[in-house]
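What's counted below: heavy atoms across the whole structure, side chains too, no hydrogens, waters or symmetry copies. Note that the structure is predicted; figures quoted are calculated from it, not measured. A, B, ... follow the sequence lines: proteins, then strands. Residue 1 opens every chain.
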Amino acid sequence: MRETVITRDIVANPKSKYGDAPASTRHFITQRVTGAINIAFLLLLLFVVVRLAGEDRSEMVATIGNGWIGIPLALLLVVVTIHMRNGMRDILEDYFAGRIYRLYMMLNTLFCIAVAVLGVGSILKLVFWG
Amino acid sequence: MAVATLRLGQGSLAALEVSNRSKLRGARRQPEISMSVRSRPLSPHLQIYRWTITMTMSIVHRATGIANYAGSALLVIWLLAAAAGGTALDTANAVYGSWFGQIVLFGYTWSLVHHMLGGLRHFVWDFILGMEAGQREALAWGNLIASVVLTLLIWTLFVWVL
């Protein structure tokens with residue numbers, strides 16, 4: 001995140017570096033890879049939701065509680081939260097700077113961790129304890 | 001992300017202009033050029049340009065990304081309710097099955113589909129394909145139309161018929 005004012009000298013200097021190049025490339029590649037994996041997540045989600053929408057608990061346990069469905073769903077949900085956090089970082093970088101950026105970025109991280117932990121925890125509960 | 005690119009593009013364009021000027025005209029009086037995050041944009045922004053389908057789909061891609069971000073809570077609440085027990089799940093099902101819940105879930109479906117197709121469009125662009133005039137507009141319109149068609153197809157097949 002840029003916090004120093006860009007002066008004329010910085011702009012004129014061809015050796016100026018803007019931002020963290022390895023981190024930015026890593027961000028770019030992570031977003032593509034997780035995005036591609038998310039297509040699999042959406043297909044599995046479609047299958048699960050179509051099968052279970054409005055159904056009672058025993059049906060939920062029978063489908064999500066099946067490890068061949070539950071475990072991939074849990075893993076893909078973690079990948080989704082990585083994609084979510086990366087994407088929200090893009091937005092926050094555009095509109096905020098400095099301390100307020102870091103505050104929002106921390107909230108972003110906390111929300112994504114909460115989604116991952118609660119989602120995976122619930123799925124594992126259905127898989128291992130019914 | 002495309003919105004960000006647009007803005008960065010403008011910023012660096014302005015920077016290029018400034019550096020060119022400083023090369024060409026030396027010490028001639030310059031406009032204020034110290035750029036900070038807050039002082040952008042330096043060039044005309046959205047309200048100046050003709051509204052195009054590509055910029056609209058770029059903005060919608062970001063908007064649907066935010067919607068999906070929030071919508072992930074809906075999925076987690078559903079899973080949590082199922083893990084918590086029968087009564088919690090009944091409550092969740094009643095809320096999600098209500099007319100308001102169904103409207104939200106329909107919108108969430110469209111948002112997910114649109115964002116996925118937008119991502120596929122970005123994959124196409126990553127291979128430097130479909131960037132010519134006409135092609136990019138076709139991709140943008142295709143993204144919009146296909147997202148609506150796919151969403152209606154999913155809901156027709158799995159909700160309204162089955």
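- Highest contact tally toward chain A, considering only B:A73, B:G85, B:G65, is held by B:G85 [criterion: heavy-atom pairs under 4.5 Å].
- No side-chain heavy atom of A:F41 sits under 4.5 Å from any side-chain heavy atom of B:L112.
- Annotation for B:W160: atom CH2 counts as buried by contact number, over 12 foreign heavy atoms lying within 6.0 Å.
- Taking each heavy atom of B:F123 and A:R32 in turn, the nearest pair found is CZ-O, 3.3 Å.
- Contacts from residues 115-129 of chain A to chain B, taken as heavy-atom pairs separated by less than 4.5 Å, involve A:V115, A:L118, A:G119, A:S122, A:I123, A:K125, A:L126 in sequence order.
- Within the 4.5 Å cutoff, side-chain heavy atoms of A:L77 are placed close to those of B:L75.
- When A:L46, A:I91, A:L45, A:L42 are compared by the number of non-hydrogen pairs under 4.5 Å with chain B, A:I91 comes out ahead.
- For residues 61-68 of chain A, a heavy-atom distance under 4.5 Å to chain B picks out A:I64, given by residue number.
- Atom CD1 of B:I128 sits in a sparse spot, with 12 or fewer heavy atoms from other residues, nucleotides or ligands closer than 6.0 Å.
- The most heavy-atom pairs under 4.5 Å with chain A, out of B:G119, B:S72, B:G97, come from B:S72.
- The same ILVMFWY cluster, assembled from side-chain heavy atoms under 4.5 Å apart, contains both A:M60 and A:F47.
- In this structure, no portion of A:I10 lies under 4.5 Å from any heavy atom of chain B.
- B:V161 and B:V148 end up in different hydrophobic clusters when Ile, Leu, Val, Met, Phe, Trp and Tyr side chains are linked at under 4.5 Å.
- Under the 4.5 Å side-chain heavy-atom criterion for grouping Ile, Leu, Val, Met, Phe, Trp and Tyr, A:Y95 is connected to A:L103 within one hydrophobic cluster.
- Annotation: B:F106, atom CZ; neighbour count of heavy atoms from other residues, nucleotides and ligands within 6.0 Å is above 12.
- Within residues 79-88 of chain A, the residues having any heavy atom under 4.5 Å from a heavy atom of chain B are, by residue number, A:H83, A:M84, A:M88.
- Only the side chain of B:L120 has a heavy atom closer than 4.5 Å to any heavy atom of chain A.
- Sorted by first and then second residue, the pairs that involve residues 144-159 of chain B and meet side chain to side chain donor-acceptor pair (under 3.5 Å), not counting sequence neighbours, are B:T109-B:W155, B:W110-B:S147.
- A 4.5 Å side-chain heavy-atom check between A:N108 and B:Y69 finds at least one atom pair inside the cut-off.
- Contact detail for A:R57 and B:A82: the closest heavy-atom pair is NE-O, 2.6 Å.
- If you measure heavy-atom distances from B:D90 to chain A, you find no contacts under 4.5 Å at all.
- A donor-acceptor distance shorter than 3.5 angstrom exists from the side chain of B:N93 to the backbone of A:E55, with no hydrogens or angles considered.
- There is no contact between B:I77 and chain A, counting heavy-atom distances below 4.5 Å.
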Step by step, work out the side-chain contact (heavy atoms from CB on, under 4.5 Å) result for B:M116 and A:I39. CA-CA 7 Å; B:M116 181 190 76; A:I39 296 172; 4.0 Å; yes

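- Under a hydrophobic clustering in which Ile, Leu, Val, Met, Phe, Trp and Tyr are joined whenever their side-chain heavy atoms come within less than 4.5 Å, directly or via other members, A:V50 and B:L152 fall into the same cluster.
- There is a path of hydrophobic side-chain contacts, each under 4.5 Å, that joins A:I100 to A:L107.
- Looking at B:L89, the atoms closer than 4.5 Å to chain A (heavy atoms on both sides) all sit in the side chain, from C-beta outward.
- A:D56 touches chain B through its backbone: at least one of N, CA, C or O sits under 4.5 Å from a heavy atom, while the side chain does not.
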